[in-house]
Amino acid sequence: MPVFFDLPAIAVNKNAISEKTSNFQWTCIQYETKLGNGRLLMSSENGCPEEVVLNIALEGWHRIYCCMVDVGEDNYTHLKLTDDLCFSGMRTPKKGNPRQWASYEYMQEFYWKSANLTNQQIILKKPENNRKQISNLVWIRCEKMQDDEIKNYTSDPNRCVMAHFDVDPFVEELFKTEEETLIKLHAIKNSNIDICQVETFVHGDIFDKNINFPLKSIWPSEWPGKIFDPEKLYKMQIEYGHKLGMNIYAAQRMSAGNFISSFAPYYYNKNFFADNAQLYCKSRDGKTIKVCSYAYPETRKYMIERIKKDASYGFDGVSLIFIRGMHIGFEQPVIDRFKELYPNIDPRIIPITDERLHGVWCEFMTEFMRELRNSLGKETKINVLADYGLSTAKHLGLDVKTWASEGLINSVCQSDMETYEDLSGCLAEDGTIDMDKYTEKSRNTEIVKRNFGTNPDLAFSHVKEYLDLESYGVHVYHILPWANNSSVEEYNAYVEKMKSLGAKRFHSFNTNHLVSNLPEYNTLISINNENLKVGDLVTYYRTLSIDNTDISCFNPCWKG
């Protein structure tokens, strides 16, 4: 079992390595662990060294394990094999290290991937990135695979996961070519992912030809990354996803507004949201919320056109993200419809948990879904993201059960967020809202709040109501833990609990963050996948010495 402890010794271009700290070379640092000792490669913050080619000189299929050190900062390293399309981004796990402070006291070895290493070299790169970070690689271990293991690994896995890619790849990486943008898709090769939904809203208003670059107007004009053509970019992602055996969906955030803070650099210079203030949502006390309401036909039509534009690029389906932002409030069409049904009641004093109010909201949102389905036709797959529970999603106008029963959707993802109304201290004795108290409370704290991040108990409690949708022929994907929030042990226990409750398919939100944390990501791709043998997903080795300093008894960096 070859282990390459001394990385400078196998480097082809040794001139890229220095024994002294340099911004323009990789620094080699001596280390010792119980497993072995050698020299690691590291580039500190602001470093910009050239790539290092490592000659491993192995033949045949191997499982590849990499060791990195958690430096307690934003650490991020790129690795690739010679014939890989693009690099893999890798980080040490954020949870599980025995040391949270002085975390470098434990080296972390984890499985990278399996590959035929004949005539292959490994290339180490410090990623170009708009954030400061430290890159490092301690050692590489390669484990020979048997014929049956190779056959299992290369066979098609049990695809049971829907992945989600946030816009962050365009924020984190200064891509120079379209091929480089495939880094996250490349990372989920040989996985159990069936559908990958890629967010497309970052291209701004589809009717403004000057806005066609991801987050272009957030960054200054000297942005060093490539300016992409959306159509070319998406078609390349779709084509590559198909080569990997998965479907690619266009994901659209369904809140019809722009939530970029005014403190951030300028975003959209002219668009539908900016030009149609008459369509904005209203709060209970008549305040304007800068989000276009689905109570208006113009908003519904605009969002349908955006989604149709996405579908025209050749995506296998569309995914509607209803878990971020706001969609409807107390606009005049809502008040008129409510008064029509309940003439003697003011809807503005009814809590959103009251079926009379959210029932009216559901009417407008379901009308949108009907219009969308008619516009797209039956052949286009529609997936929706709702919150922890379908019952609470109705409080925001999302009647997913009706959508399923009418054939308006093909699949649904449970998500690890929920929006709710905190009316504590605002209710009168009869259960209605005291608007004076409501207004006063709103001056001190927000009333509409978001429960953000994985709450296992909430997720488990709503599994059954999601599973009931399968009776309508809808595929249900249950939420997995939020990326980089769980140790491997916690993640596995969560998955086993979900499966015991009847979950068969799973939804991985922000998978583009997860793929860089390989121990956690490998727990995901091992779900219902007997083809993957990775051994220990992560192993911690006590650092005995670092940079010729013995820290096995006392670490002088503690400074007493």
Side-chain angles (χ1 to χ4, degrees), residues 1-11 17 26-29 31 33-43 49 51-58 61-71 74-84 86-94 96-97 103-104 106-117 120-127 133-145 153 183 186-191 484 488 514-523 525-526 532-543 546:
M1 185 186 302
V3 186
F4 302 97
F5 289 113
D6 191 345
L7 296 180
I10 62 171
I17 300 171
W26 291 87
T27 304
C28 67
I29 300 174
Y31 69 90
T33 69
K34 184 178 180 179
L35 184 65
N37 62 80
R39 292 180 295 169
L40 61 85
L41 294 175
M42 183 275 296
S43 177
E51 299 172 0
V52 172
V53 179
L54 302 173
N55 187 21
I56 52 177
L58 295 176
W61 279 83
H62 290 74
R63 280 180 291 275
I64 310 171
Y65 295 81
C66 299
C67 182
M68 296 173 63
V69 59
D70 180 356
V71 291
D74 183 16
N75 60 93
Y76 191 36
T77 302
H78 275 180
L79 285 180
K80 75 184 292 273
L81 295 175
T82 308
D83 67 356
D84 282 342
C86 52
F87 283 90
S88 298
M90 304 164 72
R91 303 182 193 273
T92 50
K94 292 187 177 181
N97 192 326
S103 54
Y104 61 89
Y106 279 85
M107 306 294 190
Q108 304 174 53
E109 183 196 75
F110 46 83
Y111 171 75
W112 175 19
K113 64 178 178 178
S114 299
N116 187 344
L117 296 182
Q120 296 250 45
Q121 295 174 317
I122 293 178
I123 303 172
L124 169 66
K125 177 185 177 182
K126 175 127 184 227
Q133 82 285 314
I134 297 172
S135 296
N136 75 88
L137 182 63
V138 181
W139 70 66
I140 300 168
R141 180 169 66 87
C142 300
E143 186 178 295
K144 185 78 172 178
M145 295 174 66
Y153 181 79
I183 180 172
H186 181 72
I188 60 178
K189 183 180 180 181
N190 296 114
S191 74
N484 302 326
V488 169
L514 193 69
V515 295
S516 301
N517 182 352
L518 290 180
E520 191 172 346
Y521 170 67
N522 285 324
T523 63
I525 65 175
S526 63
L532 185 67
K533 177 188 174 185
V534 297
D536 292 330
L537 293 172
V538 60
T539 305
Y540 294 92
Y541 293 95
R542 175 80 170 92
T543 305
I546 188 76

- Note on the structure: Closest non-hydrogen atoms of Tyr540 and Gly96, given as atom of the first, atom of the second and distance, are OH-C, 3.3 Å
- Heavy-atom closest pair, residues Val488 and Glu520: CG2-N, 4.5 Å
- Message: Just verifying a value: how many Å separate Asn97 CG and Gln108 CD, rounded to the nearest 0.5 Å?
- Response: 4.5 Å
- Message: Less than 4.5 Å apart, side chain to side chain, heavy atoms only: is that true for Leu117 and Ile64?
- Response: yes
- When rounded to the nearest 0.5 Å, the distance separating OG1 of Thr92 from CG of Asn517 is 8.0 Å
- Query: Under 3.5 Å, is there a donor-acceptor pair between the side chain of Ser43 and the main chain of Lys126?
  - Reply: no
- Report yes or no: does Gln120 contribute a side-chain atom to a donor-acceptor pair with the main-chain N or O of Thr82 at less than 3.5 Å? yes
- Query: Between Asp84 and Lys189, is there a side-chain N and carboxylate O pair less than 4.0 Å apart?
  - Reply: no
- Item | Sidechain-backbone polar pair: Asn136 side chain, Val69 backbone, donor-acceptor under 3.5 Å | yes
- Item | Check: Tyr541 and Val138 side chains under 4.5 Å, non-hydrogen atoms | no
- Message: Parallel, tilted or perpendicular, judged at 30° and 60°: which one describes the rings of Phe87 and His78?
- Response: parallel
- Item | Nearest-0.5 Å distance that lies between atom CD1 in Ile123 and atom CG in Leu79 | 10.0 Å
- May I have the step-by-step check of side-chain contact (heavy atoms from CB on, under 4.5 Å) for Val3 and Tyr65, ending in yes or no? CA-CA 9 Å; Val3 186; Tyr65 295 81; over 6 Å; no
- Hey, which of Arg141, Arg63, Met90 is the one that makes side chain to side chain contact (heavy atoms under 4.5 Å, CB included) with Trp112? Met90
- Task: Decide if atom NZ of Lys144 counts as having more than 12 heavy atoms of other residues, nucleotides or ligands within a radius under 6.0 Å.
- Result: yes
- Flag, side chain of Tyr31 to backbone of Phe5, donor-acceptor distance under 3.5 Å: yes
- Item | Nearest-0.5 Å distance, CZ of residue Arg91 to CE of residue Met68 | 9.0 Å
- Note on the structure: In short, Cys86 meets His186 closest at the heavy-atom pair SG-CB, 3.4 Å
- Determine the minimum heavy-atom distance between Ile183 and Gly89, stating which atoms define it. CD1-N, 4.0 Å
- Note on the structure: The reported gap from CZ in Arg39 to CH2 in Trp26 (rounded to nearest 0.5 angstrom) is 15.5 Å
- Task: Taking all non-hydrogen atoms of both residues into account, name the closest pair between Tyr104 and Ile546 and its distance.
- Result: CE1-CG2, 4.5 Å
- Item | From OG (Ser135) to CG (Leu41), nearest 0.5 Å | 11.0 Å
- Message: Determine whether Val52 and Leu137 satisfy the following criterion, side-chain contact (heavy atoms from CB on, under 4.5 Å), listing intermediate values before the conclusion.
- Response: CA-CA 11 Å; Val52 172; Leu137 182 63; over 6 Å; no
- Closest non-hydrogen atom pair between Phe4 and Ile56, with its separation: CZ-O, 3.4 Å
